Amino acid sequence: MLTAGPKGTNDIMPGEIEKWHYIEETVRDICREYGYREIRTPVFEHTELFQRGVGDTTDVVEKEMYTFRDKGKRSISLRPEGTASVVRAFVEHKTYAQPQPTKVWYMGPMFRYANVQAGRYRQFHQFGVEALGSKDPAVDAEVITMAMDFYGRLGLRDLELHINSVGCSLCRPGHREKLFEYLKPNAKQLCNLCQSRLERNPMRILDCKEENCREISEGAPMTADCLCDDCAGHFEKVKKYLDEVGVSYVINTRLVRGLDYYTNTAFEIMASDIGAQSSIGGGGRYDGLIEEIGGPPTPGIGYALGIERIIAAMERQGLEWPAGRKIYIFIAALGDEAREAAFKLVRDFRREGLTAEMDLMGRSLKAQMKFANRLDSAYTLILGEEELGKGIITVRDMAAGEQQELPLTGIVDYLKNKNT
Ligand code: HAM
């Protein structure tokens with residue numbers, strides 16, 4: 001127990017973390033370019049926020065939430081997703097009173113007590129964006145385009161963008177009724193959970209992964225067949241904007257997404273080559289959520305992607321990771337005085353923005369040289385008592401395999417100039 005992390009969690013070790021940094025940098029770049037600003041919300045919230053926001057008939061809330069009572073007897077849940085928290089913060093800080101839209105992004109751990117398998121974890125990480133305050137279909141298209149640009153920038157290929165419209169509070173009741181009528185005769189064959197959902201929220205049944213439920217809902221009426229004029233018009237415009245920028249998509253009328261807050265546009269991005277958990281991102285519009293959480297009626301749309309799944313997809317596609325920053329300088333020092341001088345020297349290098357290390361294990365000179373090799377240092381400096389006495393230092397260019405003696409005094413500037 002003590003030597004293994006909880007099931008469904010992962011350590012991101014040095015060697016692996018550089019990939020995360022690369023993705024995080026790409027996130028920051030693209031968000032800046034698209035005009036999204038970062039928001040950081042807590043990793044836990046009042047349970048009610050997710051029950052009301054995400055929906056208490058969803059798998060996420062019904063089965064997968066990490067919920068506990070804190071010492072003050074409040075019901076608290078680890079966040080299973082980021083949208084509800086962003087909306088809560090938007091209402092709490094009255095951001096709606098500022099010029100709209102509000103465009104924010106976030107990145108961090110999310111928690112779902114899911115069945116663990118490749119690509120499905122209990123602590124996983126999302127990058128997400130939310131654009132609040134505008135109903136304009138251009139915002140839908142912007143969010144979708146940004147997602148596709150992000151994948152493209154990482155070099156991912158062969159992705160499928162699925163889009164659908166799940167309607168609004170006007171056209172949904174009609175669909176709900178038709179769906180209920182369609183499913184009712186086979187109600188007893190549905191899984192227990194779907195039987196309980198039939199009255200409460202039959203649309204959730206379209207999202208059930210159970211084989212039986214899928215078969216029963218095969219020919220069911222879809223939201224796309226029941227859209228009101230506004231929703232149909234909105235969807236047409238979103239598609240037009242996507243066509244305009246050459247973002248290709250598949251219309252998937254079965255796509256309802258696993259969270260309750262969606263209205264109008266819903267979308268998901270699939271990578272065919274990462275196995276069963278092929279959804280590498282998804283999102284949609286949620287025009288009723290802000291009001292549901294206690295804010296003024298305000299439209300919103302957003303998207304989130306799973307970073308673990310992105311990394312898996314990139315690895316599967318054999319994409320190159322940009323080389324991480326290497327240990328630039330290693331000082332191999334021998335003898336007390338030389339070690340003291342080396343200690344000062346590494347600090348001088350670091351103060352100039354160079355990466356520098358020295359031996360901290362009391363190794364022999366030979367072992368230090370070997371270690372420098374392992375670190376892949378670009379320059380290894382050798383400083384013994386003799387060099388120190390003469391005021392020089394031996395500089396070994398590891399790639400060229402050449403070495404020279406240089407004055408100790410100018411060494412920082414010398415290597416700083418090489419580091420361009
Ligand atoms: P979601 O579809 O539940 O949407 O999650 C988004 C992405 O997070 C998925 O496409 C997947 O890549 C990743 N993901 C979800 N669950 C797991 C898991 N257990 N393990 C690993 N990765 C996972 C949302 O969370 C919405 N908040 C998205 C959104 C933002 N909609 C509007 N705004």
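Computed from a predicted structure; not experimentally measured. Whatever order the structure lists them in is the order used to number ligands and atoms, beginning at 1. As a basis for the values below, the full set of heavy atoms in this structure was taken, side chains included, without hydrogen atoms, waters or symmetry mates.
- Judged by the shortest distance from any of its heavy atoms, Glu64 lies outside the 4.0 Å radius around the atoms of ligand 1.
- An N or O contact shorter than 3.5 Å links Gly281 to ligand 1 by distance.
- Those atoms of ligand 1 with a heavy atom of Ile280 less than 4.0 angstrom away are 10 (O), 12 (O).
- On a distance-only criterion, Arg112 and ligand 1 share at least one N/O pair closer than 3.5 Å.
- Distances below 4.0 Å separate heavy atoms of Gly283 from the following atoms of ligand 1: 31 (N).
- Residue Gly128 places every heavy atom at 4.0 Å or more from ligand 1.
- Every atom of ligand 1 with a heavy atom of Glu81 under 4.0 Å away is listed here by number and element: 25 (O), 26 (C), 27 (N).
- Geometrically, ligand 1 and Arg120 share no nitrogen or oxygen pair separated by less than 3.5 Å.
- Under the 3.5 Å distance criterion, with hydrogens and angles disregarded, a donor-acceptor pair is assigned to the side chains of Glu130 and Thr83.
- Between Leu305 and ligand 1, a contact under 3.5 Å exists for no N or O pair.
- Each of the following atoms of ligand 1 lies closer than 4.0 Å to a heavy atom of Glu130: 30 (C), 32 (C), 33 (N).
- The distance criterion of under 3.5 Å between nitrogen or oxygen atoms is not met by Glu268 with respect to ligand 1.
- Using a 3.5 Å distance cut-off with no hydrogens or angles, the side chains of Ser217 and Arg254 do pair a donor with an acceptor.
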Stepwise ring-ring contact (aromatic ring centres under 6.0 Å, His included) check, Phe267 with Tyr249: CA-CA 9 Å; Phe267 61 97; Tyr249 49 83; over 10 Å; no

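- Ligand 1 places these atoms under 4.0 Å from at least one heavy atom of Gly119: 20 (N), 21 (C), 22 (N).
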